[in-house]
Enquirer: 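Have a look at this one before I ask anything.
Values in this document were obtained by computation on a predicted structure and should not be read as measured data.
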2 protein chains.
Amino acid sequence: MTGVTDTLAYRLGTLGGRVADRFIQAVAGYGVKPRHVALLVVIDSSRPASQLELARRLRIAPSLVVQLADHLVALGAIERSRDARDRRRQYLLLTDAGRRLLAACAAAARRVDEEVAAGLDDGQRDDLRLLLAKVSDTLAP
Amino acid sequence: MTGVTDTLAYRLGTLGGRVADRFIQAVAGYGVKPRHVALLVVIDSSRPASQLELARRLRIAPSLVVQLADHLVALGAIERSRDARDRRRQYLLLTDAGRRLLAACAAAARRVDEEVAAGLDDGQRDDLRLLLAKVSDTLAP
DNA sequence: TATTGTTATACTCTATAACTATA
DNA sequence: TATAGTTATAGAGTATAACAATA
């Protein structure tokens, strides 16, 4: 009988935590945490989106988007821009500094990858990336 | 230039969280959370260990082991047994009910796997398991 | 009245520090 | 005095609920 440690669910869950801890350390120097990076990512990879839209995409509470955005504004990484036609809405937009910050976080993630994937050859790294992407897509909706 | 989402670190971190959420739901009916399952796993897969040893293996605070163990004792899943030669030490031992609970959690994890790996064929599932195991080993120490 | 964003509050998780008992 | 375990306390992270502004 296979044990719980043999399952993808258990391995992905525990390993995800270990890797996330390293990522936290890797980006801490830039004054951000994984949630901030995730927000930067979705801002970067979509048409200008309101805070509520971003909350839905990230599956986090709207009030948390406010806090994360406040912090990123303070860092100069994003700007809030009111919708002229519906003044309730505020779009979050990356600044040049925000793009540089995101690039720095990507570089930090690649440094973590060096450690995480130290035991894998290039082909295995690509295989793993592909398989994780497939799983992500499965869980996407 | 590769973005942060292309890295293993970012994917493993975010995906780990999503999968962990599903695992939490899957075992909630048994009255346990992932930390309890992790404690059951290490108790099951080692010589009788003191609470402090278990804390070190799980990389969690000794005080947390106390809380988790209290809960598992209340569920009847483990028993505390004092070391006769050093009455400060308490070994945590699985009961039969604990073994059944662990088996139920493994079954729950396999149900989560059905969802997580729905987009992968059997060969890909094995590949992913193997690659994750390799990465786990790399990060083990 | 409904929706967007914000603020206030509460809850969960977990660690650190203080304490007890045994050595 | 040092160690295993326990209890008390505090901090981080995040959600829910109450509120403000606009539609």
Enquirer: On DNA chain D, which is the earliest and which the latest nucleotide, 5' to 3', with an atom closer than 4.0 Å to a heavy atom of chain B?
Expert: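 The contacted stretch runs from D:dA2 to D:dT7.
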Enquirer: Assess, by modelled atom type and distance only, whether the side chains of A:R18 and B:S136 contain a donor and an acceptor separated by less than 3.5 Å.
Expert: no
Enquirer: In the hydrophobic clustering that connects Ile, Leu, Val, Met, Phe, Trp and Tyr at side-chain heavy-atom distances below 4.5 Å, which members other than B:L130 occupy its cluster, ordered by chain and number?
Expert: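 None; B:L130 is a cluster of one.
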Enquirer: Looking at A:K134 and A:D137, is any side-chain nitrogen of the basic one under 4.0 Å from a carboxylate oxygen of the acidic one?
Expert: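 No.
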Enquirer: For the pair B:R125 and B:E114, find out whether any cationic side-chain nitrogen is under 4.0 Å from an anionic carboxylate oxygen.
Expert: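 Judged by the 4.0 Å cut-off on N to carboxylate O distance, B:R125 and B:E114 do form a salt bridge.
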Enquirer: May I ask you to list the residues of residues 16-30 of chain B, by number, that have any heavy atom positioned under 4.0 Å from an atom of DNA chain C?
Expert: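 Within residues 16-30 of chain B, no residue comes under 4.0 Å of DNA chain C.
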Enquirer: Does atom CD (A:E53) have a neighbourhood of more than 12 heavy atoms from anything else shown, all under 6.0 Å?
Expert: yes
Enquirer: Would A:R110 and A:D113 pass as an ion pair if we require N to O under 4.0 Å?
Expert: no
Enquirer: Might you point out which heavy atoms bring B:D121 and B:G123 nearest each other, and give the distance in Å?
Expert: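 Shortest heavy-atom separation between B:D121 and B:G123 comes out as OD1-N, 3.0 Å.
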Enquirer: Sequence neighbours left out, what passes side chain to side chain contact (heavy atoms under 4.5 Å, CB included) with A:R80? Give chain and number order.
Expert: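 Partners of A:R80 under the side chain to side chain contact (heavy atoms under 4.5 Å, CB included) test: A:Q51, A:V66, A:A69, A:D70, A:V73, A:Q90, A:L92.
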Enquirer: Honestly curious: do A:L94 and A:L58 fall in one hydrophobic cluster under the side-chain, below-4.5 Å linking rule?
Expert: yes
Enquirer: Quick one: what's the B/S/- string for nucleotides 4-16 of chain C, heavy-atom cutoff under 4.0 Å, read 5' to 3'?
Expert: SSBB-----SBSB
Enquirer: Residues sharing B:V116's hydrophobic cluster, by side-chain heavy-atom contacts under 4.5 Å among ILVMFWY, directly or via others?
Expert: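 Besides B:V116, the hydrophobic cluster comprises A:L8, A:L12, A:L15, A:V19, A:V112, A:V116, A:L120, A:L128, A:L131, A:L132, A:V135, A:L139, B:L8, B:L12, B:L15, B:V19, B:V112, B:L120, B:L128, B:L131, B:L132, B:V135, B:L139, listed by chain and residue number.
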